[in-house]
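All remarks here apply to the structure that follows.
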Amino acid sequence: MIQRNPANPIIKPEDTRPSHNRYRVRGTFNPGAVKFGDETILLLRVSEDCLPREGYVAVPYYRFEAGKGFAEILEVKMDDPDVQLKDTRGVVHKGKDYLSTISHIRLARSRDGIHFTVDDKPFIYPCNESECFGVEDARVTKIDDLYYINYTVVSGDGFATALATTQDFINIEQKGIIFAPQNKDVSIFPEKVNGKYCALHRPNNEGFGLPSIWYSESPDLIHWGNHKCILRPRNMIWEEMKIGGGAAPIKTSEGWLEIYHGKGRDQMYSLFPVLLDLEDPSVVLKRAKEPILFPIESYETEGFFPNVVFSNGIIHEDNGRILIYYGACDETVCLAETSIDMLLSIL
Amino acid sequence: MSGKFRHDIVHRWEGNPVIALDDLTFTTNNIYSAAAVKKNGEYILLVTMEDLEGKTSIHLAKSEDGYHFDVEETSFMTSSTDDSFRAFETMGVREARITFMEERYYIVYLGVGHHGFVLCLAVTDDFRTVKRLGVISEPETKAGALFASKINGKYARLERPKAGDRIWMSYSNDLLTWGESDVVISPRSGFWDSDLIGCAFTPIEIEEGWLLGYYGIKNTSSGPITRLGAAILDRENPCKVIARSNIPIISPRKDYERIGDMTNVVMSSGAILEEDILKIYYAAADNCLCLGTTKLADIVKTCIESTKEF
């Protein structure tokens, strides 16, 4: 049904240069994916922490100046009275929160879709206070001749979703926040349906059931409305905690095919296909009862955050072949292959 | 409360409360805040009430003088049975804010349903019939209010996403789809509004920009205290705070503001500016609706003379 590539993981943290000489790359994962010319481009999430020094706490942070972000390090002695150690995720210094690991988006390029070269420079780097804890999990949707990139911005408010566009994967135009906190896992459809742009998104309806997949419409990709909750986590171990959308939905003869993730028991992530109506994508036609991918291989079960397979980047070819790029353990990029026919047959 | 000093910029009406549970011709559990507008010389409030079951609905109240109101027993808005809205309003509708814009009365209200709190938009021309236009936010979002005029050619609104406990704003071309979201103003550590803030009454356009009335919460060991404060936002870019009062304009002090289902709450979602006097209708302790008045100039002065602590 689905074949993991024998070369997995195809991108590892050690293949990537840090964005500061005292940063260390901890993860290269959760890539957006797109065909551009004769290249496959992945938009990697690169997570970084600081190289530790004996007796000191060192955490990375971004300093913002004139709409740009600069990599900085906060380094204080362990016994500094101004520092409070939290857990492994961060520290509080003079009342301000710092995370031990923060992310930006980097491009990786390949001719064969398997062997990638990671750019030395960041592609999307945090640039304002709404991104002070990083930018994560980019998704690419090509509409007409423009590539729309949505990504998660992280700050003290939690997470929100921002939009940017590019034509050449060199220059990028920021479009601001399209889904206010808490909202992520946004998948933008590659064409208008009934005259409207459409997207899946995942608000955090905390206290009123589990986080679910919603559907929205827009006249211009910037302003969104007509929100509907269309997929809720099911009472099964795979979806016990929450679900969220993946890459841009794929148009098939039978409907819009989306591969979403479930977060289940013991924080295990898995991937499921779902089919949405072609004419009204807020209508769910079919939903797989079993995951098509869940952590089995050692690179999926052991790592920075164990038991995670998470996909926000899919390439589908004219012959129906589907390449699922996925992050394993918040650490590496892996690849699995299937086809549209195969996925439709199990739905 | 000591009579020696004046603590609040807002003067309480001596006849408070304006609407108490005993004034009603029907039984209800609670009175929450109210939207307020003056139409053809008549004062109109849209008052949120919680019934004995715990569901909220919005009731119309009218007055000739702004002090003595008749409250309609039949609700003006209650949980919708329409397919597009039903799931968003199963537990009720509440916290309306009215904006008079383009000769119509727009109402942003809170839908409470299966999915949490969302902002919804409705419109009325006559306060007899009301038309729902759409669900305009994702959960969890509260305290929504439309600005009364377009800003840089777009409709604009304030909102409070649950995450972050601060006031954001978004823009729209059609009132139904919203984006370009950004932070307007945040809680201030060490102040009376240290833990959570949200828009109170609909922003009012004044000479200096937009007057923002907001509620601020400070958590204490005996529970939260909700007070009202004010700030002035830039006319062209409301994310730019021009001035902000360091002190509240009114704090819970009277028994009716301290004792109720929610203790120590003054919370407004409606005010009316008449010449230079601002009439603020505010809910007290989730128990009754009150009126406080002040000179607009006094609020502006308090904002501008405060040290710059945004």
Side-chain angles (χ1 to χ4, degrees), chain A residues 94-96 128-132 150 153-163 174-186 196-230 232 282, chain B residues 83-88 90-91 111-121 132-142 144 154-184 186-190 194 196 239:
Chain A
K94 293 185 176 173
K96 200 175 165 201
N128 61 53
E129 283 297 330
S130 75
E131 304 175 346
C132 66
N150 67 73
V153 300
V154 190
S155 71
D157 285 4
F159 45 84
T161 296
L163 185 70
Q174 310 279 356
K175 297 287 187 185
I177 290 177
I178 53 171
F179 289 98
Q182 310 256 36
N183 205 325
K184 61 177 176 177
D185 295 332
V186 171
K196 303 261 177 63
Y197 295 105
C198 320
L200 305 176
H201 62 102
R202 217 282 306 281
N204 212 8
N205 48 330
E206 202 180 323
F208 292 87
L210 300 169
S212 309
I213 295 175
W214 288 57
Y215 169 83
S216 280
E217 294 173 345
S218 170
D220 54 12
L221 294 156
I222 305 289
H223 306 92
W224 293 88
N226 196 15
H227 306 286
K228 288 176 188 165
C229 181
I230 64 164
R232 307 210 80 169
S282 71
Chain B
D83 276 349
S84 308
F85 293 89
R86 184 166 39 213
F88 296 99
T90 49
M91 288 175 253
V112 194
H114 295 321
H115 307 299
F117 294 95
V118 291
L119 300 180
C120 303
L121 182 66
R132 282 169 165 83
L133 299 177
V135 174
I136 57 168
S137 85
E138 319 97 271
E140 300 262 37
T141 313
K142 286 185 172 183
K154 287 175 185 162
Y155 297 110
R157 76 171 188 214
L158 297 171
E159 65 210 319
R160 182 176 74 77
K162 184 176 176 183
D165 296 326
R166 70 187 92 222
I167 300 174
W168 286 60
M169 71 174 297
S170 297
Y171 290 95
S172 174
N173 290 310
D174 56 13
L175 290 171
L176 297 176
T177 60
W178 293 84
E180 302 172 76
S181 308
D182 205 352
V183 172
V184 176
S186 304
R188 291 176 294 189
S189 178
S194 58
L196 183 158
C239 285

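By convention in this document, chain letters (A, B, ...) are assigned in the order of the sequence lines, proteins followed by strands, and residues within each chain are numbered from 1. What you are looking at is a predicted structure, and each value in this text was computed from that prediction instead of being measured.
Residues B/Asn173 and A/His223 meet the side-chain proximity criterion, which asks for heavy atoms closer than 4.5 Å. Proximity of B/Asp174 to A/Pro219: side-chain heavy atoms (C-beta onward) are separated by under 4.5 Å at one or more points.
Residue B/Glu140 holds its CD atom at 10.0 Å from CD of A/Gln182, rounded to the nearest 0.5 Å.
Using a 4.5 Å cut-off between heavy atoms, A/Asp220 contacts chain B through its side chain alone, with no backbone atom that close. The contact between A/Phe179 and chain B is made by backbone and side chain atoms together, counting heavy-atom distances below 4.5 Å. Heavy atoms closer than 4.5 Å to chain B are found in the side chain of A/Asn183, but not in its backbone. Proximity to chain A (any heavy atom under 4.5 Å) is shown, for B/Thr141, by neither the backbone nor the side chain. Using a 4.5 Å cut-off between heavy atoms, B/Trp168 touches chain A through its side chain atoms alone. Heavy-atom distances place the backbone of A/Glu217, and not its side chain, under 4.5 Å from chain B. The contact between A/Ile178 and chain B is made entirely by backbone atoms, counting heavy-atom distances below 4.5 Å.
Considering only residues two or more places apart in sequence or on other chains, B/Ala156 meets the side chain to side chain contact (heavy atoms under 4.5 Å, CB included) condition with B/Phe147, B/Ile151, B/Met169, B/Tyr171. Scanning for ring-ring contact (aromatic ring centres under 6.0 Å, His included) contacts around A/Tyr197 gives an empty result, with sequence neighbours left out.
With B/Pro139 as the fixed residue, the side-chain contact (heavy atoms from CB on, under 4.5 Å) test singles out one of A/Cys229, A/Pro211, A/Pro203, A/Ser212: A/Pro203.
Ranking B/Gly134, B/Ser172, B/Ser137, B/Ser170 against chain A, the residue ahead of the rest is B/Ser137, based on heavy-atom pairs under 4.5 Å. The most heavy-atom pairs under 4.5 Å with chain A, out of B/Leu176, B/Ile136, B/Thr177, B/Asp182, come from B/Thr177.
Ring-plane geometry between B/Phe88 and A/Trp214 is classed as tilted, the angle between the planes lying from 30 to 60 degrees on a 0 to 90 degree scale.
In this structure, B/Glu180 and A/Ile222 approach most closely via the heavy-atom pair CG-CG2, 3.7 Å. When all heavy atoms of A/Pro181 and B/Pro161 are compared, the pair lying nearest together is O-CB, 3.3 Å.
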